[in-house]
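Report on one structure; see the data block that follows.
What's counted below: heavy atoms across the whole structure, side chains too, no hydrogens, waters or symmetry copies.
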Amino acid sequence: MSSEKPTMIEFKDVHKYYGDYHALRGITATIRAGEFFSLLGPSGCGKTTLLRTIAGFEGISSGVVLIDGKDMQNVPANVRPTNMVFQSYAIFPHMSVAENVGFGLRKDPRSKAEKAKAVEEALAMVGLKGYGGRAAHALSGGQRQRVALARALILKPKVLLLDEPLSALDKKMREHMQVELIRLQRQVGITFILVTHDQEEALVMSDRIAVMFEGEIAQLADPETLYRRPASRKVADFIGTMNFLPARVLSQSGDKVEVEAEGFGRLTLDAEQMTGAKTDAGPTIGFRPETLTILFDGQTASDRESPATVTEVVYYGDMTYYDIKLDGSDQPLRLSMRNVFGRPVLDIGTKTRVAWSPGALVLFR
Ligand SMILES: Nc1ncnc2c1ncn2[C@@H]1O[C@H](COP(=O)(O)OP(=O)(O)OP(=O)(O)O)[C@@H](O)[C@H]1O
Ligand SMILES: [Mg+2]
């Protein structure tokens, strides 16, 4: 579906130097119209820098940035079809909510009544209908962030740029605003580009995500692909929890790969389960905690099973996280189980069996 959408932003081999420091190292990517797109990566990887090259706050050293097909070289920030919402929402505390939202319309030729109507509409969009007369300083953090959003949306940008807009909010408010932002994006249909270092936030909110490390995009994909088929161990480690087991590739013929993995023994994988570029670290099998299941008394595996010992137990109410070691392996593995009423939580040291399936594994070459 989303592949049908036209291109909104295109980066072609974009480099950015701050003095000697190479902050963006050949960014090539396409962001589609109407997409909820996230830039995800650790602190200092270049997310804000890349966002600012779209807004025009930052010149680039080489390469091309196109917005809606137009080369942005020499196009100043104030005439680009973009608007930015900052982390520290920068609203004016001495103004009313309506004055804040209408701030960008100062030079708009429309009548006062028309502008007031536009302000009301923008406030309604972010769930602040009737708040116009309120003093901006008398708002909660979440409400201020909504005012900042309304102030950006009223200018009807083609692209809304959001630099960690929720990071100052507490967990509950952040989760609430995540849902609100998704709803808002669907409603207005414009392209949202969100910067975040929170992998869960990116997974929850985005149509597609660019994972960045050290000025480069390591992988650009939809959330499910990122989670299930990470392009490298580094991406796998950054997004959720990934277990690793050392492995040996025995043979490869056609679309099948024969592998010997520590603790799992011999197994056959489809070639499409192989991912990433060859590294010096050697081949490794990777799998997510929820793809291993403890077999309780009498249960049998529908696919493969292996004997294991529980080495750590963390009880979360709805879930229990177990660390286990497979017989024949010293590698600690993390396993997550949804708790079921009446079923015991196992103790450290318990000998058990775990079920797994070769289809849920990835092979990092
Ligand atoms: N104006 C500047 N002058 C020199 N170096 C800069 C400048 N702005 C950013 N940098 C450097 O460029 C790199 C990328 O910075 P950027 O702000 O894009 O990171 P980020 O991914 O947004 O990180 P964070 O998650 O901490 O906000 C960092 O190493 C930073 O120190
Ligand atoms: Mg930043």
Grouping I, L, V, M, F, W and Y whenever their side-chain heavy atoms are under 4.5 Å apart, do [X] and [Y] come out in a common cluster?
X    : Y    : answer
L166 : L184 : yes
I27  : L66  : no
F57  : I193 : yes
I239 : L333 : no
V345 : V314 : no

- Item | Y18 and T49: side chain donor to acceptor below 3.5 Å | yes
- Indicate whether any N or O donor in one side chain lies under 3.5 Å from an N or O acceptor in the other, for N339 and T320. yes
If only atom types and distance count, is the side chain of [X] paired as donor or acceptor with the main-chain N or O of [Y] below 3.5 Å?
X    : Y    : value
Q273 : L361 : yes
R106 : F103 : yes
R146 : M125 : no
K47  : L194 : no
N243 : R334 : yes
S38  : L40  : no
Q185 : I190 : yes
D170 : M173 : yes
R80  : M72  : yes
K115 : L105 : yes

Test item: [X] and [Y] side chains (from C-beta on) under 4.5 Å apart, heavy atoms:
X    : Y    : result
F364 : P230 : yes
H176 : L169 : no
K256 : D270 : yes

Got a second to check how far [X]'s [atom1] is from [Y]'s [atom2], nearest 0.5 Å?
X    : Y    : atom1 : atom2 : answer
E201 : S167 : CD    : OG    : 8.0 Å
I9   : L161 : CD1   : CG    : 6.5 Å
R32  : M8   : CZ    : CE    : 13.0 Å
M242 : T284 : CE    : OG1   : 10.5 Å
L24  : I217 : CG    : CD1   : 9.0 Å
Y315 : L346 : OH    : CG    : 13.0 Å

Of all the heavy-atom pairs spanning [X] and [Y], show the shortest one and how long it is.
X    : Y    : answer
K325 : T311 : CG-CG2, 4.1 Å
I209 : A202 : CD1-O, 3.5 Å
F244 : G286 : CD2-CA, 4.3 Å
K12  : E10  : CE-OE2, 3.5 Å
P165 : V195 : CD-O, 4.3 Å
V101 : A122 : CG1-CB, 4.0 Å

- Task: Look at the rings of F213 and F238 and say which category their plane angle falls in: under 30° parallel, 30 to 60° tilted, over 60° perpendicular.
- Result: perpendicular
- Could you label the plane-to-plane angle of the H94 and F92 rings as parallel, tilted or perpendicular, counting under 30° as parallel and over 60° as perpendicular? tilted
Atom [atom1] of residue position [X] - does it have more than 12 heavy atoms of other residues, nucleotides or ligands inside 6.0 Å?
X    : atom1 : result
D330 : CG    : no
Q299 : CD    : yes
R266 : CZ    : no
E224 : CD    : no
R228 : CZ    : no
R304 : CZ    : yes

Note: [X]-[Y] ion pair, threshold 4.0 Å (strictly below):
X    : Y    : value
D222 : R208 : no
K16  : E58  : yes
R183 : E180 : yes
D68  : K158 : yes

- Run the ring-centre check on W356 versus F287 and record whether the distance is less than 6.0 Å. no
- Query: Among all residues two or more places apart in sequence or in another chain, which pass the side chain to side chain donor-acceptor pair (under 3.5 Å) test with K351?
  - Reply: T309
- Please identify each residue that fulfils side chain to side chain donor-acceptor pair (under 3.5 Å) with T352, with sequence neighbours left out. none
- Message: Quick check on side-chain contact (heavy atoms from CB on, under 4.5 Å): which of T191, L149, T82 does L160 satisfy it with?
- Response: L149
- Message: Tell me which pairs pass side chain to side chain donor-acceptor pair (under 3.5 Å) where either residue lies in residues 209-220, with sequence neighbours left out.
- Response: none
- Message: Applying side-chain hydrogen bond (donor to acceptor under 3.5 Å, both in side chains) to T268 and E258, what does each step give before you reach the verdict?
- Response: CA-CA 5 Å; T268 307; E258 289 288 325; 2.8 Å; yes
- Task: Examine R288 relative to Y227 and say whether NZ or CZ is less than 6.0 Å from the centre of the six-membered ring and inside a 45° cone about the ring axis.
- Result: yes
